[in-house]
Student: 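Could you have a look at this structure, given as structure tokens, before my questions?
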Number of protein chains: 2
Amino acid sequence: MEDLSLSTLIWLRMVRFVQNSNQLSNDHLRQFGLTVAQFEALAHIRNFQPVTQTDLAKGLTVSGGGISRMLARLEREGLIAREQTWKTKHITLTEAGLDVLERAFPSQLHQQSALFDDVLDEDEQRTLHALMKKLYDHSLAERAAAEEND
Amino acid sequence: MEDLSLSTLIWLRMVRFVQNSNQLSNDHLRQFGLTVAQFEALAHIRNFQPVTQTDLAKGLTVSGGGISRMLARLEREGLIAREQTWKTKHITLTEAGLDVLERAFPSQLHQQSALFDDVLDEDEQRTLHALMKKLYDHSLAERAAAEEND
DNA sequence: ATTGATCATTTGCCCTGTCAACTGATAGAC
DNA sequence: GTCTATCAGTTGACAGGGCAAATGATCAAT
């Protein structure tokens, strides 16, 4: 076992934390018949509807293909509607979609926040937020740079 | 758009950062014909071989089913060997597996570390590491608690 | 009007990953 | 010795997601 660098250790903890957190969210959302990805898609649609698939894909950072399939499932289950105008499809929540989102939203956000609030005080959260912003912005720039020379 | 709590903002940034980072790693590892998951599996096997599938699954935090499939692919490509003794299978790297791992390892670790080293100094990394440890440990405890009452 | 270029979306093929049901093998209990 | 509980691993059905090739629809130039 080689000795890992500090950044590698941070990376490992972060990946595992995100995995655990997603797992917990999935367990929690199961009672509403939703997955984390679906919950996030519904929440994003509610905030931006009507929205095109391309914009939704960007907002959720998934590929066009991925969003197409997920929306097909959500449509099949009657949670969203896709209205085609011209060449783009505009996505909106159905009654059922809004209903399940409103039932799931509060407890999901609470469950999610608790993971942070239970162990980090306000100051620590501010610090973490600032650090994550730096990392996130940098990773975005790297992704953009990778796009360029392809 | 509701105003999101600080913890939710941190969460979003962290998830997106991990996504971006994984994507960058996948792009990088493509030249070696590996995915991030495969890279991590090979690295883990090298450090602990010979190792059983169950232990490997625990080490990588994936389910037994998931590890079974991934190892089947790695075996098909000749990167690992599975030796069955009694009821358990012991996994080791093949020559080819060790070779590709040793070619990919340095640049992958470097690429990975750069994401942190480029924007965070030593102090910031120590702070982040400490915060992530708290979060990670807490998420582990929560997962354990969820297991209990099922 | 026809031909192309362009953009949104879909689809085939693949990898990752979960869960639950199933197979095989071993170890005890009788 | 047989029967059963248990444990390692596999497999089917599914969701999530990537990439690349194919569709479809619009728009611009001829």
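Chain identifiers are assigned alphabetically (A, B, ...) following the order of the sequence lines, protein sequences preceding nucleic acid strands; residue numbering begins at 1 within each chain.
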Student: Do the side-chain N or O atoms of B:Thr52 get closer than 4.0 angstrom to the phosphate oxygens (OP1, OP2) of D:dA8?
Tutor: no
Student: What is the distance, to the nearest angstrom, from the CG atom on B:Leu34 to the C1' atom on C:dC14?
Tutor: 15 Å
Student: Tell me whether A:Val36 shares a hydrophobic cluster with B:Ile10, the cluster being built from Ile, Leu, Val, Met, Phe, Trp, Tyr side chains joined at under 4.5 Å.
Tutor: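 Looking at the clustering, B:Ile10 is in a separate group from A:Val36.
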Student: Out of C:dT10, D:dG9, D:dG12, which nucleotide sits closest to the side chain of A:Gln53?
Tutor: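 Nucleotide nearest to A:Gln53's side chain: C:dT10.
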Student: Rounded to the nearest Å, what distance is computed from the NZ atom of residue A:Lys58 to the P atom of nucleotide D:dG17?
Tutor: 18 Å
Student: Of the candidate nucleotides D:dA15, D:dG16, C:dT16, which contains the atom at the shortest distance from the side chain of A:Arg76?
Tutor: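 When the side chain of A:Arg76 is considered, D:dA15 is the closest of D:dA15, D:dG16, C:dT16.
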Student: Does D:dG18 have its OP1 or OP2 closer than 4.0 Å to a side-chain nitrogen or oxygen of B:Gln19?
Tutor: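 It does not, given that no N or O in the side chain of B:Gln19 lies less than 4.0 Å from OP1 or OP2 of D:dG18.
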Student: Tell me the interatomic distance from B:Ile67, atom CD1, to D:dT10, atom P, rounded to whole angstroms.
Tutor: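 Between P of D:dT10 and CD1 of B:Ile67: 11 Å.
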Student: Between B:Leu109 and B:Phe32, is there shared hydrophobic-cluster membership here, with clusters defined by ILVMFWY side-chain heavy atoms closer than 4.5 Å?
Tutor: yes
Student: What orientation do A:His44 and A:Phe48 show, parallel under 30°, tilted 30 to 60°, or perpendicular over 60°?
Tutor: tilted
Student: Let me know the distance between CG of B:Asn20 and P of D:dG17, rounded to the nearest Å.
Tutor: 14 Å
Student: Which of the following nucleotides, D:dG16, C:dT10, C:dT16, is nearest to the side chain of B:Gln38?
Tutor: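 So the side chain of B:Gln38 is nearest to C:dT16.
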Student: In whole angstroms, how far is the C1' atom of C:dG17 from the CG atom of B:Leu60?
Tutor: 12 Å
Student: Look at the side chain of A:Ser68 and decide which nucleotide, out of C:dT11, D:dC19, D:dG16, has an atom nearest to it.
Tutor: C:dT11
Student: How many whole angstroms separate atom CZ of B:Arg30 from atom P of D:dA20?
Tutor: 7 Å
Student: If you assign each of A:Asp27 and A:Leu71 to its closest nucleotide in DNA chain C, which residue comes earlier from the 5' end?
Tutor: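 Here A:Leu71 is the residue nearer the 5' end.
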Student: Looking at the side chain of B:Arg82, which of C:dT10, D:dT10, C:dC19 is the nearest nucleotide?
Tutor: D:dT10
Student: Are A:Glu77 and A:Arg73 ion-paired here, with the side-chain N under 4.0 Å from a carboxylate O?
Tutor: no
Student: Select one nucleotide: of D:dG16, D:dA8, C:dC15, the one nearest the side-chain heavy atoms of A:Thr35.
Tutor: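 So the side chain of A:Thr35 is nearest to D:dG16.
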Student: If the cut-off is 4.0 Å, is B:Gln23 near the phosphate of D:dG17, judged by side-chain N/O to OP1 or OP2?
Tutor: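 It does not, given that no N or O in the side chain of B:Gln23 lies less than 4.0 Å from OP1 or OP2 of D:dG17.
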Student: With respect to the phosphate group of D:dG16, does any side-chain polar atom (N or O) of A:Arg73 fall under 4.0 Å of OP1 or OP2?
Tutor: yes
Student: Closest nucleotide of DNA chain C for A:Thr54 versus for B:Arg69: which of these residues is on the 5' side?
Tutor: A:Thr54
Student: Take atom CZ of B:Arg143 and atom P of C:dT18, then tell me their distance rounded to the nearest Å.
Tutor: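 Answer to the nearest Å: 9 Å.
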Student: Do the side-chain N and O atoms of A:Ser7 and A:Ser5 include a donor-acceptor pair separated by under 3.5 angstrom?
Tutor: yes
Student: Select one nucleotide: of C:dT16, D:dA13, D:dC19, the one nearest the side-chain heavy atoms of B:Met70.
Tutor: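 The closest nucleotide is C:dT16.
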Student: What I want to find out is whether B:Asp27 reaches B:Arg30 closely enough, with some N-O distance under 4.0 Å, to be called a salt bridge.
Tutor: yes
Student: Mind calculating the distance between NE2 (A:His90) and P (D:dA25) to the nearest angstrom?
Tutor: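 Those two atoms, NE2 and P, are 15 Å apart.
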